[in-house]
Structures are given as structure tokens and as C-alpha cells.
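To start, the structure itself, in C-alpha cells.
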Amino acid sequence: MEREVKTYVLKRPAEEAAPAKLSIDYAAALNPQQLAAVTAGDGPSLVIAGAGSGKTRTLIYRVAYLIDSGVDPSNILLLTFTRKSAQEMLERAGELIGARSRRVCGGTFHSVANLLLRRYGRGIGIEPGFTILDRGDAEDLIALCRAQLGLNEKDKRFPRKGTIMEMVSKSENTLKSLDEIILEEFSHFADHAEDLGRLQKAYQAAKRQKQLLDYDDLLVALRQLLLLDETARQTISSQYRYILVDEYQDTNRLQAEVIRQLTTAHNNVMVVGDDSQSIYAFRGATFKNIMDFPVLFPGTKIYKLEENYRSTQPILNLANCIIDEAAEKYTKRLFTRKIDGPLPALVEAAGENAQSRFIAQKILELREEGVPLSEVAVLFRSSFHSFDLEIELSRRGLPFVKRGGVKFIETAHVKDLLAHLRVLANPMDTVSWHRVLMLVEGVGPKKAQDLLAALVKSDKPSDVLRGASGRSGQGLKNLADTLESLSGAGEVRPAEQVNHIYEYYLPILKEQYDDYPKRTRDLDHLHTIAEGYPKVSDFLADLALEPPDGSAIDVDAPDRDDERLVLSTIHSAKGLEWQCVFVIWVVDGKFPSVYSFITDDELEEERRLFYVSVTRAKRHLFLTYPINVYDKTSGMLLSKPSRFLDHVSSDLLDTLALVEEGGRGDWGRDSY
DNA sequence: GGAAATTGCGTTTTT
DNA sequence: CGCAATTTCC
């Protein structure tokens, strides 16, 4: 927007000129590199887009350009990292090209897979009514399978369910065998490789039999569908004749394969990404994916966007300096025309609370200077790093939203309530049955297993429950009554179902948690969300695929979103920008985390993560760290700023130490 | 035998 | 704080 409009002229050979009546002056709105990418012809293209280089803008204009040149919007598929970003992009494209952009299909790989599998999955044995398992559900199912195989009775330490899930998931996402993954990354569990293999098989069989799909299955199954069902593949790839993929550096092999399958018919695919911002290796993503793209798609044209429109030069200098140290990088040097701006600052605080108080105070100062709260973000490596700050901000009445960390949907009580809905929607969903049954007084693992076995055989669940005797008899009868009153699940609206089950569940909630008033508010929130859905199946699928972030805390001020600052994990801050960014806990051992010290690859990923955090800032950047913090897990005393700053020369970074105020040691109040 | 209560321990990042 | 192993209770 700040660009000189008249500087650029469309410099393309006449025969390549776009159709005569384009409605937008692309050359005026874009720089030459962006323009080249936006107006690229058919075939595969790769856009390497540095941080803040107008990547999103380019994609938006690309969508508009395609529509403008006569492509039917419903033939365009836009794959993004979150569904929200897809929506926002299509909205902005709509401002350029009109409401037609609404007909573009946009979403995450997972949401699109969900859609396509419900429509075409029958061909590979997937019924449209399948249930999506979120991370926690999937782990619970693994625990169930493990118990059935009797694998937890071994004396040698067997990996816990979360770890097993991690291994299995990585195997799926990297298209490697489980044995390979164990060997490469979990060698300390090599003894159990055989049992883990059996467990993986059992887990997969259980899912298939019960029509349950975890996140990875959505992609795996879509790939299967495209590979095996020729008719479906033809239909799908002629439906989506232009495919655009955002954040390609964070896709994995599996996703790359899905794209390849989707595009076999037409080869029209444009992917956009930045290898320096690849931060999802733990999910099987690799920045190499971006470099392999031309191999997977022969004839790829490559475009590079290097001009940064977001940050001032001092911030870019620091960012470039950090990424220069990276072991592997692809030459790309960001520059900007925003020369002036304050130097980024490195701030040393005595302890965690001093750090929090500094940030709160600085935010107030910035507000005086005219920087609104909505233009401020505090970023951190791990979700819990902001706990102290959250308390401090609340104390001072500074409103904030938190992104990342435990979602409200993942809290036990919300999952409990939802399990009842899911049982109604899919009576084969044994994971949810198990959860529901275990909540009943007098039911433990054994009884739950027995009931489960009977339930899957019967088509009248309530009879099975009523037939049970013993201590749990009354509880199971109540459950049966509640479920029965809601059966014919299709007809009862989600919000009403939530209400009914809420009544049944409330006594259990009160029994189980001392802090139940807080939790009932979450359930009220769930009810509000449910009101937006006419169909239970959509409600459940959406909750699994795009969980609303934050907990009930931020329901208080729903319409004053612009008045709040953002606290976010760096992962959740991807693609976003603010006038002022604080990165906290920039202390060696926290960031990079001690867990990443093991391998160089992990350390390199932490560096890229740091790079991402720094490049979120437009004008003000503060890196803060407490000194002399004892880290329980590593037993280390952390007192040195992040090693990523070791090679940063002092003229790129203002180094400050907080001084005591009023001579009473206000900044140093923390005790260790 | 099986459910419930208790203790000990490890704790990133997400669709 | 949540998970898994352990002890206590019915």
C-alpha cells in the first residue's frame, strides 16, 4: 500500500498479456515479483516468500486474478493452515473481485479431507457418518488398545499413550514405517518396537471397525481415496482445477502426496512458503518439502518475494542476522523501504515477575504514545511461559486474549459432555462410550469393557444399560433415560442436546470437581456455540477441526476484540503482525528449550522459530529474559540470554537492564 | 475382583 | 495439572 503506484509497468510480451478485460490493475497494486506470481500461467509454481513480503496479498490477488481471467470460482481450492485464514483471504479477495469469491473452496487440508471423505469415502469403506478423533480421543483409544493387548503389565517401562501417539502420527505424516521412526527418534524404546507395531495395528483396526478417524487418518484416507478410486479422483480433480497452498514450508510428505494426487489431471498448483519459517517438524513437516517441490512437480516455475513491507530496517537487520547463522538456508535477503525505527531491545529482568511487570508497564507507556492494545502482542515458546504475565495483566486490568495452549474444547468437562453427543451420533464410537460409562458411579475399567462389548452388538443401547445390575445399576438407568430421550439424534438440534445432557451431567460434574462453577461456564459457552449449528454432525466435526481458542475467560468482552492485546505461542502467531511485539523468556534453556539441545535439527528449528517471532514486529521489538532462573526439569540455573543472540553485534540490539524503582527493589522482588 | 482414592512424577509447539 | 502406578476400600 505504501508503494509508488506509477513506477511499474506491465513488462510482458504481448502474446502473454492477460485477457483484455481484467477488472483490476494488478501492475499498480503489486510489485514486479508479486505481479509475476499472481499472473503466472498454468502449471506448477513455487513462490518463495520471505517474512512480511506480501505473501498473503499475493495469494489474495492470485485468487482474484484467476476469477478475473474467467476461471469459475468453484474450481479453485485454497488450502491454508487454519480455516480462519482461508476465510479472511477469501473475504479480502471478495473486496477485489466481488462476492463470486465466496464460491471458492477454502480451508485446511484436514477440513477439505473431511468434506471429500464424507462425500466420496464410501468407495474405500468410509461411511459419511464417521467420527473425528481429536488428539486426546486418539490417545484414549490407544490406551484402550494397549490395555486389551495387556501391554501395560510389562515390568519394563512402556511408553505412555501420548508418546505412542506421537510415534504413530509421525510415521503416518512422514510416510515412514513405525520401526524407522522408533529407530530414528525413539531409540530408547527400541526394546518395545515389536509390541508397538502390534499396538499400531490394533489401533488402526479399532478405528476402521468403529468408523473413527484421527487427524492423520483424514489425510491418509484422502490419499488412499485418490489413489484407489479412479472415479472419485477424476471427479475431485476436475472439480478443483486450480489449487493454491499457503504455508507450504509447514506441510509434510503426506500432504505433498495429497497435493500431487489432487493435481494429476491438470497440474495447476501454486504453493507459497518460506523455508526460513518452517516450524512444524514435530508434526512431520520439513522445510525440505519446499525444496523438493520442483522435483515432485517437474516444470515448476519459481518466484521469489524479497521486499519486506512489514518491519523497519533495524528489525530486519536483527532478523537477517539470526537466520544468517542457520546451518542450511536458501539465499534470500529481506530488505525494506522503512528505514527508520527504534532499535530492538534486549531487556534483562531480575526474575519472572519483574519481566511481567516490565511488559505491563511498557504496554501502558506505548498506549500513551498512541499504540493501541490491539497492536501489541506478547510471544513465547511454550504456552505456560505466560502464566505469570497473565496474572500481572489481570491485576492491572489490561485485557488480553490468549492463543495457543490448552483449548477450552480439550478440557475434561467439555470432552465429557461432548462424548454423550458423539455416542448418539455414532453408536460405534467406543472411545466416547468408554468416557461416558466411566463417569457413572460404580463403573470402572472392567465394567466399562464388558458393557462396551455388549453395546456394539446391540442396536438398542439403552436396553443394554438397563440390563446391568449391581452398584452402578441406578447410574446406568439414568444414563439410559437421558440418551433415550435424545435418540433419533438427527432431529434434535445440537443446542437442545447439549441442554439435556447438561442436566444429566451436572451432578457428576459437581461430584468430580471442586471448581465446578467455573466449569459450568465453559459448558454454557458450548451451548452458545451449539446454537449456531442445525446439524449435530457439523457441530461435532467443526469442533474437532477448528476448536474455538481460549477458554471461558475471554467470553466476558466479546465485542471489544480490538481493545485487547494478544498473548500467543509463536506457533499460533504464524502469519500475523503487530506494531509492537514482546518475546519473553529469551533465556538459553527456555528458548531454545533444553529439549532441543539433543539434535542439531531441533536446534535449527528453534532458530527458525525465533526468526518467526522477531519478524512479527512492525516497529517495536522487545526481547526479554529473567536471569537466574532455576529450571526444575534440567536442574540447570538459567542465566544467559538465548544463544541465538550470541553473534548479534551490539549495534543491532539495545541492551538494557531493569533498574530498581523508588529504591525499594521493585524490579527484583522475585525470590528463588 | 474390581472400583475408588492416593501418591509420585514429568511438564513444547498443533490440525 | 494430568497420567500412571500403587494402595485402600467395598
Side-chain angles (χ1 to χ4, degrees), chain A residues 79-86 107-114 132-136 138-140 143 146-147 152-155 157-163 165-166 169 172-173 213-219 247 250-252 254-255 278-285 379-385 387 403-407 409-412 415 437-438 440-450 470-472 475 511-513 515 541-547 549 568-574 585 589-596 602 605-606 608-610 612-613 631-635:
Chain A
L79 292 167
T80 54
F81 209 70
T82 65
R83 283 205 286 178
K84 199 164 139 232
S85 74
T108 59
F109 277 89
H110 292 88
S111 68
V112 169
N114 172 52
I132 299 170
L133 300 178
D134 69 20
R135 174 71 187 247
E139 287 179 4
D140 289 346
R146 182 181 55 187
N152 42 358
E153 286 141 33
K154 295 268 167 66
D155 40 4
R157 239 186 43 240
F158 200 72
R160 38 176 66 200
K161 59 181 182 178
T163 315
M165 183 71 226
E166 219 176 294
S169 176
E172 303 279 17
N173 280 297
L213 275 79
D214 65 21
Y215 288 140
D216 302 329
D217 291 330
L218 288 170
L219 302 181
E247 310 283 7
D250 287 321
T251 58
N252 52 44
L254 177 56
Q255 287 165 317
S278 171
I279 53 176
Y280 277 83
F282 66 91
R283 215 166 86 180
L379 307 182
F380 29 87
R381 174 68 184 87
S382 312
S383 185
F384 68 88
H385 287 166
F387 287 171
R403 303 249 178 98
V406 179
K407 308 255 170 46
I409 196 77
E410 287 160 2
T411 54
K415 296 209 72 167
L437 293 172
M438 289 287 281
V440 177
E441 180 79 31
V443 179
K446 186 69 196 352
K447 188 121 201 172
Q449 278 301 311
D450 293 348
R471 274 171 299 177
S472 54
E511 178 61 35
Q512 212 144 47
Y513 305 101
D515 59 345
D542 272 17
L543 282 181
L545 289 170
E546 185 87 0
D549 46 23
S568 175
T569 60
I570 299 165
H571 285 90
S572 296
K574 192 158 80 141
W585 282 108
K590 292 278 188 191
F591 196 4
S593 147
V594 281
Y595 302 112
S596 69
E602 282 171 281
E605 172 132 328
E606 296 278 307
R608 293 191 295 268
L609 200 55
F610 193 43
V612 168
S613 67
D631 186 81
K632 259 189 288 184
T633 47
S634 64

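The analysis underlying the following values was restricted to heavy atoms, covering all of them including side chains, and did not include hydrogens, waters or symmetry mates. These figures come from a predicted structure and were not determined experimentally. Residue numbers begin at 1 in each chain, while the letters A, B, ... track the order of the sequences.
The residues A/R381 and A/E606 are annotated as salt-bridged, a charged nitrogen and a carboxylate oxygen being separated by less than 4.0 angstrom.
No hydrogens or angles were tested; on distance alone, nothing pairs the side chain of A/R83 with the base of B/dT15 as donor and acceptor under 3.5 Å.
A/R283 comes within contact range of at least one nucleobase, with a heavy-atom separation under 4.0 Å. At a threshold of 4.0 angstrom between heavy atoms, the contacts of A/G442 are confined to the sugar-phosphate backbone, with no base atom among them. Using a 4.0 Å heavy-atom distance criterion, A/E166 is classed as making no nucleic acid contact. If you check every strand for non-hydrogen atoms under 4.0 Å, A/S593 touches nothing. Nucleic acid contact for A/S383: sugar-phosphate only, since backbone atoms but no base atoms lie under 4.0 Å from a heavy atom of the residue. As judged by a 4.0 angstrom heavy-atom cut-off over every strand, A/S572 is placed among residues touching the sugar-phosphate backbone only.
Within the structure, every side-chain polar atom (N or O) of A/T82 is placed at least 4.0 Å from both OP1 and OP2 of B/dT15. Phosphate proximity of B/dG1 to A/K447: absent, as no side-chain N or O sits under 4.0 Å from OP1 or OP2.
We find that CZ of A/F591 is positioned 16 Å from P of B/dT12, with the value rounded to whole Å. Between A/R160 atom CZ and B/dG10 atom P the separation is 8 Å, expressed in whole Å. Atom P of nucleotide C/dG2 and atom NZ of A/K415 are separated by 13 Å, given to the nearest angstrom. Taking atom CD of residue A/E410 and atom C1' of nucleotide B/dT14, one finds them 9 Å apart after rounding to whole Å. One can place NZ of A/K407 at 13 Å from C1' of B/dT12, the figure rounded to the nearest angstrom. Summarising the geometry, the separation between CG on A/D450 and C1' on B/dG2 is reported as 11 Å, rounded to the nearest angstrom. Going from atom CZ of A/R146 over to atom P of C/dA5 covers 7 Å, rounded to whole Å. Distance A/L254 CG to B/dT14 C1': 15 Å, rounded to the nearest Å.
Contact annotation: the side chain of A/I279 approaches that of A/D250 to within less than 4.5 Å [non-hydrogen atoms, C-beta and beyond].
Checking B/dA4, C/dA4, B/dT14 against the side-chain heavy atoms of A/H571 singles out B/dT14 as nearest. In this structure, of C/dC3, B/dT15, B/dA3, it is C/dC3 that holds the atom nearest to the side chain of A/K161. Proximity note for A/T569 (side chain, C-beta onward) versus B/dT13, B/dA3, C/dA4: the nearest is B/dT13. Closest to the side chain of A/R135, from the set B/dT14, C/dC3, B/dT12, is B/dT14. In the set B/dA3, C/dC3, B/dT12, B/dT12 carries the atom at the smallest distance from any side-chain atom of A/Y595. Considering only side-chain atoms of A/K446, the nucleotide from B/dA3, B/dT15, B/dT12 that sits closest is B/dA3.
Taking the salt bridge (Lys or Arg N to Asp or Glu O under 4.0 Å) definition, one finds that A/D216 meets it with nothing, sequence neighbours left out. For A/R283, the salt bridge (Lys or Arg N to Asp or Glu O under 4.0 Å) test picks out no residue, with sequence neighbours left out. Remark: A/E172 pairs with no residue by the salt bridge (Lys or Arg N to Asp or Glu O under 4.0 Å) rule, at least two apart or across chains. Residues satisfying the salt bridge (Lys or Arg N to Asp or Glu O under 4.0 Å) test with A/K415, not counting sequence neighbours, are A/D134, A/D137. Under the ring pair (Phe, Tyr, Trp, His ring centres under 6.0 Å) criterion, A/F282 pairs with A/Y280, A/H571, sequence neighbours left out.
Comparing A/F109 and A/S596 along DNA chain B, the residue whose closest nucleotide (by nearest heavy atom) sits nearer the 5' end is A/S596. Ranked by how close their nearest DNA chain B nucleotide is to the 5' end, A/A544 and A/V440 are led by A/V440.
With a 6.0 Å radius and a threshold of 12 heavy atoms from other residues, nucleotides or ligands, A/E441 has its CD atom at or below the threshold.
We find that the ring of A/Y280 and the base of B/dT14 do not stack by the test of centres under 5.5 angstrom and planes tilted less than 30°.
Checking side-chain atoms of A/R608 against main-chain N and O of A/S278 turns up a donor-acceptor pair under 3.5 Å.
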Would you tabulate the nitrogen or oxygen pairs shorter than 3.5 Å linking the protein to nucleotides 7-10 of chain C?
none

